[in-house]
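The structure appears right after this line, and notes come after that.
It should be emphasised that the depicted structure is a prediction, and the values quoted were computed from it without experimental measurement.
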Amino acid sequence: MSVTAFRGGDQPAVSPAQAKVTTQSLQQKKLRRRPITALTAYDYATARLVDEAGADIILVGDSLAMVVMGYDSTLPVTMEEMLHHTRAVRRAVKRAMVVADMPYGSYQVSEDAGVANAVRFLKEAGAEAVKIEGGAQRVELVRRLSLAEIPVVAHLGLTPQSVHKMGGYKVQGKSLEAISRLTAEAQALQSAGAFAVVLEGIPREVASRISAALSIPTIGIGAGAECDGQILVLHDLLNLTFAAPAKFVRRYGDAAELIRNAVRSYCQDVEERRFPSDDESYHLPKETLAALVEPEGGLRRKA
Ligand code: KIV
């Protein structure tokens with residue numbers, strides 16, 4: 001990098017709305033009480049649209065196991081599949097921070113494995129940060145990732161990779177004991193070096209207390225309005241999940257209806273020979289056409 005580029009000397013001025021999102025700019029948002037916007041995306045086209053529309057963070061979530069691959073939990077998705085989708089998202093995104101979700105099994109076995117797999121997301125797929133689920137049991141891994149220069153988003157509360165241990169997808173942090181444990185875990189993850197914490201499926205009042213207790217941003221999903229930011233699964237927001245939405249989901253569009261209608265119209269047009277039209281067809285040059293005779297069955301060369 002040249003000294004000028006380092007100082008930003010010859011770079012065009014960009015408004016904060018266009019500037020690249022970094023861990024520092026997210027921290028600034030918390031300080032200025034400006035909500036952080038985050039969404040999942042898993043492929044080039046949707047990541048590009050989400051980035052152009054202005055989301056701060058794009059999470060390549062392991063939710064792709066369910067909403068893209070059709071599994072009934074997030075557990076089966078593999079490192080190679082997550083890397084593949086993260087690369088596609090990386091190619092699309094200019095402004096947002098790309099966070100890769102570490103899949104189940106890629107960090108639970110050992111901290112060494114966790115660091116090695118996280119490095120792959122940055123080195124082979126262009127992620128700028130990784131997300132891992134869990135509380136006290138992840139503090140050492142967060143510390144190790146920070147030492148390896150890997151920005152980490154922690155994830156507390158309803159952690160889908162622990163579905164079997166939790167006995168289903170249930171709201172967490174409802175007892176006094178659970179509230180103080182969650183708060184202490186959030187603080188420990190912050191001290192270990194996490195730059196943000198996703199709070200999922202916990203009561204609004206609890207998320208509000210944790211958000212106030214932390215200096216790093218909290219990003220809520222099913223955790224109420226007082227978090228420093230919000231995240232949703234893109235397919236939930238667009239009605240692409242084929243299931244009744246959870247209480248915390250707001251549908252901002254109906255992509256299912258849009259796609260169904262478009263495909264239905266296409267099929268009808270093909271069946272009724274309205275597609276393709278002459279304008280949607282390629283044509284021979286006049287001279288070549290003139291050199292051909294056209295009997296009933298189609299084009300034939302003149303004898
Ligand atoms: O995988 C995912 O989409 C997530 C979000 C729900 C936070 O972890």
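Side-chain contact of Y42 with S63: a donor-acceptor pair under 3.5 Å is present, judged by distance alone. Under the 3.5 Å distance criterion, with hydrogens and angles disregarded, no donor-acceptor pair is assigned to the side chains of D278 and S281. Between the side chains of Q268 and R264, no donor N or O sits under 3.5 Å from an acceptor N or O. Between the side chains of D101 and H155, no donor-acceptor pair is found at a separation under 3.5 Å. Side chains of S211 and S208: no donor on one and acceptor on the other come within 3.5 Å. Between D62 and Q161, the side chains place a donor N or O and an acceptor N or O closer than 3.5 Å (distance only, hydrogens not considered).
In the displayed structure, R144 atom CZ is contacted under 6.0 Å by more than 12 heavy atoms of other residues, nucleotides or ligands. Annotation for R209: atom CZ does not count as buried by contact number, only 12 or fewer foreign heavy atoms lying within 6.0 Å. Within a 6.0 Å radius of CG in L31, more than 12 heavy atoms belonging to other residues, nucleotides or ligands are found.
Using a 4.0 Å cut-off between charged side-chain N and carboxylate O, R251 and D236 make no salt bridge. With respect to the salt-bridge test (charged N to carboxylate O, under 4.0 angstrom), the residues R120 and E80 qualify. Between R48 and E52 there is a salt bridge, with a side-chain nitrogen of the basic residue lying less than 4.0 Å from a carboxylate oxygen of the acidic one. Salt bridge status for R181 with E177: present, with a side-chain N to carboxylate O gap under 4.0 Å.
Counting heavy atoms from C-beta outward, V152 and K131 have side chains that stay 4.5 Å or more apart. Annotation: side chain of I58 is in contact with side chain of D51 (closest heavy-atom distance under 4.5 Å). P103 is listed as a side-chain neighbour of M79, based on a closest heavy-atom distance under 4.5 Å. For the pair V60/F121, no side-chain contact is recorded, criterion being any heavy-atom separation below 4.5 Å from C-beta on. Considering only heavy atoms from C-beta on, H164 comes within 4.5 Å of L75 through its side chain. Inter-residue side-chain proximity for V198 and V153 is flagged as met; some heavy-atom pair is nearer than 4.5 Å.
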query = Given K29 and D56, is the salt bridge (Lys or Arg N to Asp or Glu O under 4.0 Å) satisfied, shown in steps?
reply = CA-CA 10 Å; K29 277 199 141 183; D56 295 317; 2.7 Å; yes

message = Is there a side-chain contact (heavy atoms from CB on, under 4.5 Å) between E185 and L156? Walk through the geometry before answering.
response = CA-CA 8 Å; E185 286 182 325; L156 282 175; 3.9 Å; yes

inquiry  = side chain to side chain donor-acceptor pair (under 3.5 Å) for E81 and T78? Distances and angles first, verdict last.
reply    = CA-CA 5 Å; E81 286 159 347; T78 64; 3.2 Å; yes

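There is no path of hydrophobic side-chain contacts, each under 4.5 Å, that joins Y44 to I259. Placement of L234 and Y71 within a single hydrophobic cluster is found when ILVMFWY residues are connected by side-chain heavy-atom separations under 4.5 Å, directly or transitively. The cluster map of Ile, Leu, Val, Met, Phe, Trp and Tyr, joined by side-chain heavy atoms under 4.5 Å apart, puts I231 and Y252 in the same cluster. V50 is not connected to L258 by any chain of hydrophobic side-chain contacts under 4.5 Å among Ile, Leu, Val, Met, Phe, Trp and Tyr, and they are in different clusters. A continuous path of ILVMFWY side-chain contacts below 4.5 Å connects V89 to M69, so both sit in one hydrophobic cluster.
Atoms OH and CD, on Y104 and E133 in that order, are 11.0 Å from each other to the nearest 0.5 Å. Between the CD atom in E226 and the CZ atom in R204 there is a gap of 4.0 Å [rounded to 0.5 Å]. The CD1 atom of I219 sits 9.5 Å away from the OG1 atom of T37 when rounded to the nearest 0.5 Å. Taking CD of E271 as the start and CZ of R274 as the end, the distance is 9.5 Å to the nearest 0.5 Å. Distance CE/M97 to CD/E128: 6.0 Å, rounded to 0.5 Å. A distance of 7.0 Å separates OG1 in T40 from NE2 in H235, rounded to the nearest 0.5 Å.
The nearest pair of heavy atoms linking Q172 to P203 is O-CD, 3.1 Å. Taking each heavy atom of K30 and I216 in turn, the nearest pair found is NZ-O, 3.1 Å.
Of the possible polar contacts, none joining the E287 side chain to the P285 backbone as a donor-acceptor pair under 3.5 Å is found.
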